[in-house]
> 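Sharing a structure below in structure tokens format, with a few things to ask.
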Amino acid sequence: MRALCLLFWTSSLHAGSDDVEAAWRGLVAELDIAQSTLAMMLNDELVLELGHGRPATDAMPVASLSKSITAACITALVEEGHFNFDDTVGELLSSRPDVLAADAATRTITLSQLITHQSGLLNDSTQSLSHPALNEPGDWHDHVSRAALANERDGETYFYNNENYAILGSMIMEHTGESVEDACTPRVLSDMPSAMPAEKFGGMLAWGGWAISAADMAAFVSRIDVPPDAPRADLDGGVSYGPGIVMRDVRDGQNIWHFGAYCLASDEDAGAFFVRLTTGITLVMTYDFCPDQSQAFAIQRDLVNATF
């Protein structure tokens, strides 16, 4: 799974849902997409829900869009007092010697650094097509966390790494006594009934394992609250990575977005994209292929431009 930090502009004007539907259908044809779903919300109202090659209401695997759900769950747990953003791995996993080695330098990584990919963990073991999380059943959060926390770290370097969110998943399970699904569903997905662990990828729920309908994902995204003091990693061009989202401050507020993709070199490739604009529009698109950067940019560009 990967996230792309692409830039876009915003306008105070937005077109009707017909323009967005036309842009989506154009993308489906241009990119030869066999299956796709689309949802569009204006503020808290669902104004468009479409399916191509499958019902619009189907729960679709959303890959790294799952990180937004995990980050919202972590934020809820912080608000409940389970932990703080400046707590360290050593503190939060102190009772888990099976996950965290006693002398590991990674013990000083903070929750804030994990949620913004600033942990300094630079070797993402999950990106291998042979990784067991992609091929074997079971919960893989502790397994991935153990391997990641045994590695060296490079200061507070930003590096988009699924392992950061695997560690967050282990923390969620440790401090709630529940699975990631059972801990996070009532906190952030209680009125989104389509949300479930993806059939093949549910063992990596915290970093890429949710399946959800486009409409329910759009409802979730429309409610994301980004406090001014939320952790963030400053990137290029005024873009930053916040709690499970890419964001850019603009004149009228803040645009947020994220990409996700399963790139498995097989017929199980899949991807998803969301964006929420300061105009009040939220868009979610899912598709059954792994886009390269130019294709991902086309999805973002065409859908966002259609809202002007």
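Counting begins at 1 with the first residue of the sequence.
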> When you compare the side chain of Val226 with that of Gln254, does any pair of heavy atoms fall below 4.5 Å?
yes
> Could you grab the distance from atom CZ of Phe85 to atom OG1 of Thr116, nearest 0.5 Å is fine?
10.0 Å
> Would a 4.5 Å heavy-atom cut-off, applied to side chains only, mark Trp210 and Lys67 as touching?
no
> Check for me whether the distance between the ring centres of His141 and Tyr165 falls short of 6.0 Å.
no
> Regarding Glu91 and Arg107, does a basic nitrogen lie under 4.0 Å from an acidic carboxylate oxygen?
no
> Under a single-linkage definition using a 4.5 Å side-chain heavy-atom cutoff for Ile, Leu, Val, Met, Phe, Trp and Tyr, are Ile167 and Leu77 assigned to the same hydrophobic cluster?
yes
> Classify the angle between the aromatic ring planes of His52 and Trp24 as parallel (below 30°), tilted (30 to 60°) or perpendicular (above 60°).
perpendicular
> Would you please indicate if the ring centroids of Phe159 and His117 are separated by under 6.0 Å?
no
> Kindly assign one of parallel, tilted or perpendicular to the pair Phe289 and Tyr287, based on the angle between their ring planes and the thresholds 30° and 60°.
tilted
> How long is the gap from OG on Ser145 to CD on Glu163, to the nearest 0.5 Å?
8.5 Å
> Under the 3.5 angstrom rule, does the side chain of Ser240 hit a backbone N or O of Arg232 as a donor-acceptor pair?
no
> Does one side chain, of Ser95 or Glu174, offer a donor that lies under 3.5 Å from an acceptor on the other?
yes
